[in-house]
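Residue numbers begin at 1 in each chain, while the letters A, B, ... track the order of the sequences. Only a predicted model underlies this, so the values are computations on that prediction, with no experimental measurement involved.
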Protein chains: 2
Amino acid sequence: MSATGVTPAPTVGRPRAFDMEKALQKALEVFWRKGYEGASLPDLCEAMGINKPSLYAAFGNKEQLFLKTIELYENRPCAFFYPALERITSYEVVQHMLCGAASANADPDNPPGCVIVQGALACSESATFVKEALIAKRRAGEVALCTRLEQAKAEGDLPANAEPAALARYILAVLQGMAVQATSGANCAELKQVAETVLAAWPGKRPELE
Amino acid sequence: MSATGVTPAPTVGRPRAFDMEKALQKALEVFWRKGYEGASLPDLCEAMGINKPSLYAAFGNKEQLFLKTIELYENRPCAFFYPALERITSYEVVQHMLCGAASANADPDNPPGCVIVQGALACSESATFVKEALIAKRRAGEVALCTRLEQAKAEGDLPANAEPAALARYILAVLQGMAVQATSGANCAELKQVAETVLAAWPGKRPELE
DNA sequence: AGGAATACCTACCAGTCGGTACATTACTGT
DNA sequence: ACAGTAATGTACCGACTGGTAGGTATTCCT
């Protein structure tokens with residue numbers, strides 16, 4: 001959360017000829033579309049508009065570049081997730097997650113799906129670290145939602161027999177399934193229908209009229 | 001659906017020294033765990049216990065080998081899906097799909113997840129054909145379920161305002177999400193909880209008592 | 001016994017992978 | 001003006017990718 005993020009930025013020497021953030025954005029697009037292993041260095045360099053040595057000097061290596069793009073992904077295209085937790089009712093929390101995912105996963109301005117799901121779902125041993133980093137990201141989301149649903153249960157928003165852990169896992173499964181659907185060609189309206197189907201059966205209090 | 005499946009099997013010449021079906025099973029395991037692109041030919045050969053030229057002579061090339069393993073996958077580990085469509089009520093159809101998926105995706109005797117989901121979700125251009133073949137498989141399942149739910153609606157099993165297409169997409173999303181959860185380490189009991197959550201809210205008639 | 005047919009293994013192919021050495025260029029501080 | 005520092009582009013590295021040529025071994029059919 002500090003300046004350590006993306007290189008200290010030196011005051012002397014030849015200045016960098018490209019915008020790191022924009023380059024990172026381009027790299028994200030490539031990883032998003034092709035996955036960690038499917039994205040080659042020439043692919044990345046071409047999209048980023050730089051050469052390999054510049055990439056390595058600025059971002060370390062392919063693995064570190066990927067992790068930085070994921071950070072960017074969480075702060076931009078996927079920025080709907082954690083803020084959704086702050087809604088007043090569990091219904092609204094889940095509603096914002098599902099609808100946000102529908103919009104983000106099928107946004108025509110971005111590759112389809114979710115890079116945290118499809119970035120390294122099945123891969124060779126050499127990508128194990130990246131794969132497990134993504135697993136940890138997904139799990140972190142599930143844990144955060146679970147905690148929020150426990151709070152909802154304590155508040156009486158969710159019924160006494162509700163199981164926050166199971167509900168959180170269910171919602172994350174739907175979100176991840178929506179990502180798969182998006183990569184298969186589902187559009188935003190179709191994903192919103194999935195969201196609606198989930199919401200129609202949500203056990204928590206409705207915010208609407210009364 | 002005929003003998004064209006896996007080479008005509010000649011009557012003359014040196015007999016094949018390995019069991020094609022067993023070799024295919026081993027190849028499936030590798031593709032399942034590493035995905036289409038993450039599985040290298042040495043990986044496959046080692047698991048199958050044969051050399052590259054034997055692999056090519058028997059199965060064509062990597063792409064054709066993959067497609068044959070998918071065929072095997074649908075007939076074996078994933079054999080729960082289409083038969084589930086033949087249950088009497090939509091509830092039972094969905095129940096068998098979800099519970100079958102929970103067992104299959106988290107079977108400790110097999111790699112976690114579903115090869116049709118994780119085999120080629122995001123990949124380089126060279127794997128486009130395989131990726132689209134898997135998309136088609138997923139879509140075929142969705143269409144089949146949709147058709148079955150339309151029948152359920154016509155029978156009065158599902159309410160008149162039910163939308164079979166949306167419900168089918170929703171169930172497929174859950175199934176695919178369960179596969180992602182399994183690759184992330186979820187066990188069978190955890191996946192069954194997801195299945196239960198879906199079933200508790202299913203709009204179709206319950207088979208139980210009455 | 002001898003051909004014909006097929007599978008097997010070793011060794012190899014061109015192309016691509018992630019990653020880097022090195023010389024050059026562009027800037028800052030004195 | 002000049003040293004110090006850092007980014008750039010070219011050209012390369014060994015390892016690995018999917019795929020194959022070609023010689024050898026094992027079988028069936030006559």
For [X] and [N], give me the distance from atom [atom1] to atom [atom2], rounded to whole Å.
X	N	atom1	atom2	result
B:F18	C:dT6	CZ	P	15 Å
B:L55	D:dT20	CG	P	12 Å
A:K62	C:dC17	NZ	P	9 Å
B:L65	D:dG19	CG	C1'	14 Å
A:F59	C:dG19	CZ	P	15 Å
B:R16	D:dA25	CZ	C1'	16 Å
B:N61	D:dT17	CG	C1'	14 Å

Once the angle between the rings of B:F59 and B:F18 is folded into 0 to 90°, is it parallel (under 30°), tilted (30 to 60°) or perpendicular (over 60°)?
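Geometry flag for B:F18 against B:F59: tilted rings.
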
Mind checking whether A:W32 and A:Y73 have parallel, tilted or perpendicular rings, split at 30° and 60°?
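Rings of A:W32 and A:Y73: perpendicular, as their planes differ by over 60°.
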
OP1 or OP2 of [N] under 4.0 Å from side-chain N/O of [X]:
X	N	result
B:N51	C:dC8	no
B:K52	D:dG19	no
A:S54	D:dA7	no

In residues 25-49 of chain A, which ones come under 4.0 Å of DNA chain D, going by heavy atoms?
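Heavy-atom contacts with DNA chain D come from no residue of residues 25-49 of chain A; none.
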
Are A:Q176 and B:M178 side-chain neighbours, meaning at least one heavy-atom pair lies under 4.5 Å?
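No. Closest side-chain heavy atoms not under 4.5 Å.
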
Which residue, B:E63 or B:R14, contacts DNA chain D at a nucleotide closer to its 5' end, judged by nearest heavy atom?
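With B:E63 and B:R14 compared, the 5'-side residue is B:E63.
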
Check A:E21 with A:R76, please: is the shortest side-chain N to carboxylate O separation under 4.0 Å?
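A:E21 and A:R76: salt-bridged.
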
State plainly whether the residues A:E86 and A:R148 are in salt-bridge range, i.e. N to O under 4.0 Å.
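Between A:R148 and A:E86 there is no salt bridge, as every charged N stays at least 4.0 Å from the carboxylate O atoms.
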
Output, in order, the C-alpha distance, side-chain angles, deciding distance and verdict of side-chain contact (heavy atoms from CB on, under 4.5 Å) for A:Q193 and B:E163.
CA-CA 10 Å; A:Q193 268 192 312; B:E163 296 183 70; 3.1 Å; yes

With B:L134, the side chain to side chain contact (heavy atoms under 4.5 Å, CB included) member among B:L121, B:I70, B:V115:
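Option passing the side chain to side chain contact (heavy atoms under 4.5 Å, CB included) with B:L134: B:I70.
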
Which is true for B:P53 with a 4.0 Å heavy-atom rule: it touches a base, it touches only sugar-phosphate, or it touches nothing?
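Base, at least one base heavy atom under 4.0 Å.
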
On DNA chain C, compare the nucleotides closest to B:A17 and B:V12; which residue's is nearer the 5' end?
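Whichever sits nearer the 5' end wins; that is B:V12.
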
